[in-house]
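See structure below.
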Amino acid sequence: MTAPIDATSTSAWAELTAHRANFAPDLRAWFAADVGRVERMSLPLCDLHVDLSKNLVTDEILSSLVKLAEQTGVAARYEAMLSGEHINTTEDRAVLHTALRRPADASPSLVVDGQDIDADVQEVLGKVSAFAEGVRCGEWKGVTGRTVETVVNIGIGGSDLGPVMVYEALKPYATAGMTARFVSNIDPTDMAQKLEGLDPQTTLFIVASKTFTTLETLTNARLARQWLWDSLAKSGAINGDDASQADAVAHHFVAVSTALDKVEAFGIDPKNAFGFWDWVGGRYSVDSAIGLSLSVVLGPDVFGDLLAGFHAVDEHVRTTPLSQNVPVLMGLLNVWYNNFLDAQSHAVLPYAQQLNRFPAYLQQLTMESNGKSVRWDGSPVTTDTGEVFWGEPGTNGQHAFYQLIHQGTRLIPADFIAVVNPAYPLKDGEQDVHPLFLANFLAQTKALAFGKTAEEVEAEGTEGPLVAARTFTGNQPTTSIFAPALTPQVLGQLIGLYEHITFTQGVIWGINSFDQWGVELGKQLAVQIAPAIQGDADALGAQDASTQSLIAYYEANRT
Ligand code: F6P
């Protein structure tokens with residue numbers, strides 16, 4: 001195992017510490033004094049135009065940050081990941097989500113641990129596409145001979161957030177007459193509401209679980225199976241005996257998993273199961289067979305374009321010098337804000353309604369990856385790690401939490417994401433609505449950067465204590481990401497961008513961004529507490545006083 005390099009011991013870190021000591025950011029002055037700043041700091045990333053100029057950095061700081069990436073071995077670690085080294089040290093696994101989007105004719109083939117990864121990926125992708133085509137053209141039929149109209153993906157975490165986010169983003173590409181729904185929460189409300197109005201004869205369930213052991217997903221899969229059996233029997237579509245039930249499952253359930261034996265044990269025919277591999281992390285899996293629902297509803301071509309978008313970013317990261325490498329630079333900026341300017345969170349604010357689930361998706365990607373306090377060799381981290389990612393689509397956020405970003409006491413770096421051409425170019429009378437939306441994106445980034453001085457407030461006639469209340473300090477850092485339109489390729493590029501930002505931060509902090517041991521304790525305790533809340537006195541007695549008291553409240557109020 002290559003030991004992590006302690007970022008805090010590098011000369012680049014010492015430089016950054018010195019920059020921090022005398023740091024007095026002044027975006028107004030920087031812009032006034034440097035007409036080339038915007039051009040220098042606006043970089044292309046495939047189809048994306050990324051404007052970094054409103055970040056709180058000088059050229060000197062940026063160059064020390066790039067030096068930090070060099071001294072901590074970001075490029076070498078990226079090569080190690082691409083080539084299949086087991087950089088997921090705690091699980092002794094390769095990390096090869098980038099292989100999921102290599103083109104079919106990539107040469108030479110990627111062989112890892114004696115396995116032709118490209119061949120494996122293309123085989124599953126071919127199976128996914130063929131299945132999707134079969135459903136889309138009506139070859140795949142339900143138990144009564146009807147074709148599929150609704151796909152219900154049952155999964156959680158990476159087996160849900162990616163598919164639902166992409167579906168929301170690319171809905172304009174969905175095939176007419178086909179829709180998808182996504183059930184994730186074990187709160188029975190989720191399943192009950194998602195089943196509402198569904199016709200079992202035209203519904204296809206996809207049980208998506210990498211491990212096929214996840215409590216929420218298996219419980220929901222059983223609920224869906226029971227609903228299918230009950231509703232088909234009630235309408236007389238099946239007679240309800242064991243054989244008819246098995247037949248119903250065969251026509252209405254497929255699965256995506258790395259554990260195909262467990263899929264079979266659930267009653268799903270292995271020929272209707274789509275595999276992937278332990279080298280794909282759940283939160284990096286939307287471009288694996290976990291995207292089956294997308295291939296069905298949006299079509300294999302759209303799914304292929306999404307993968308091409310990811311791959312374009314992988315290539316950018318691999319071939320672009322660090323000083324122009326957009327994901328690396330954005331990761332470095334995040335390190336600057338976290339470790340030198342005390343930022344604790346990072347907002348992602350899409351000015352595209354279709355990206356409404358993007359912040360939620362990023363929360364798993366970034367926080368499950370980098371919320372760690374030990375490094376990949378088991379030693380403690382030497383500095384703060386993962387910040388909190390959060391956000392809402394604009395302009396909703398403007399009327400909710402932007403007050404705190406503009407005038408609060410905390411530094412909150414924010415990424416604004418917008419597209420030039422909307423999917424739905426509606427008009428309000430003669431007025432295009434979308435430019436009004438974009439004016440808000442531009443206004444917010446401008447206000448955050450340049451603020452409003454007390455003199456400017458006074459010049460408008462305000463006096464006394466109100467002046468301070470109406471003053472905006474500015475110097476709130478933002479990155480603007482602009483794209484021509486939210487195409488499948490652009491979406492793949494956006495997701496890939498954030499994957500590699502996350503990777504860069506993880507390498508600098510020396511952490512394994514690909515395990516998630518922190519979610520295990522809660523899962524174990526839920527299994528122990530389940531009998532306690534269902535009346536088992538011994539299990540209840542084993543709980544702490546607060547848990548016992550909460551269970552007593554539950555008992556007392558249960559109707
Ligand atoms: O929450 C932990 C986690 O393991 C995630 O990493 C994963 O995406 C999710 O659970 C779902 O896991 P699975 O796909 O195995 O059901």
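The residues of the chain are indexed from 1 along the displayed sequence. Whatever order the structure lists ligands and atoms in, that order sets their numbers, starting from 1.
From the protein, the heavy atom lying nearest to atom 9 (C) of ligand 1 is Ile156 O, 3.7 Å. When hydrogens are left out, the protein atom nearest atom 1 (O) of ligand 1 is Glu368 OE2, 3.4 Å; that is the closest non-hydrogen contact. Atom 15 (O) of ligand 1 has its closest protein heavy atom at Thr211 OG1, 2.6 Å.
Taking the six-membered ring where the residue is Trp, the centroids of Phe358 and Tyr498 are separated by under 6.0 Å.
Salt-bridge check for Glu387 with Arg410: failed, with every basic side-chain N at 4.0 Å or more from each acidic carboxylate O. By the 4.0 Å N-to-carboxylate-O rule, Asp314 lies too far from Arg102 to be salt-bridged with it. Between Arg283 and Glu368 there is a salt bridge, with a side-chain nitrogen of the basic residue lying less than 4.0 Å from a carboxylate oxygen of the acidic one.
The shortest N/O to N/O separation between Thr217 and ligand 1 does not fall below 3.5 Å.
In summary, the atoms of ligand 1 found under 4.0 Å from a heavy atom of Gly158, numbered by their order in the structure, are 7 (C), 8 (O). In summary, the atoms of ligand 1 found under 4.0 Å from a heavy atom of Gly157, numbered by their order in the structure, are 8 (O). Heavy-atom proximity to Thr214, at under 4.0 Å, picks out these atoms of ligand 1: 12 (O), 13 (P), 15 (O), 16 (O).
Thr98 pairs with exactly one of Glu315, Arg318, His311, His500 by the side-chain contact (heavy atoms from CB on, under 4.5 Å) rule, that one being His500.
Under the 30°/60° scheme for interplanar angles, the aromatic rings of Trp227 and Phe205 are found to stand perpendicular. The aromatic rings of Phe212 and Phe266 sit perpendicular, their planes meeting at an angle over 60°, well past the 30° parallel limit.
Only side-chain heavy atoms of Val519 come within less than 4.0 Å of ligand 1; its backbone N, CA, C and O stay farther off.
Of the candidates Lys523, Glu520, Lys210, Gln364, it is Gln364 that places a heavy atom closest to atom 7 (C) of ligand 1.
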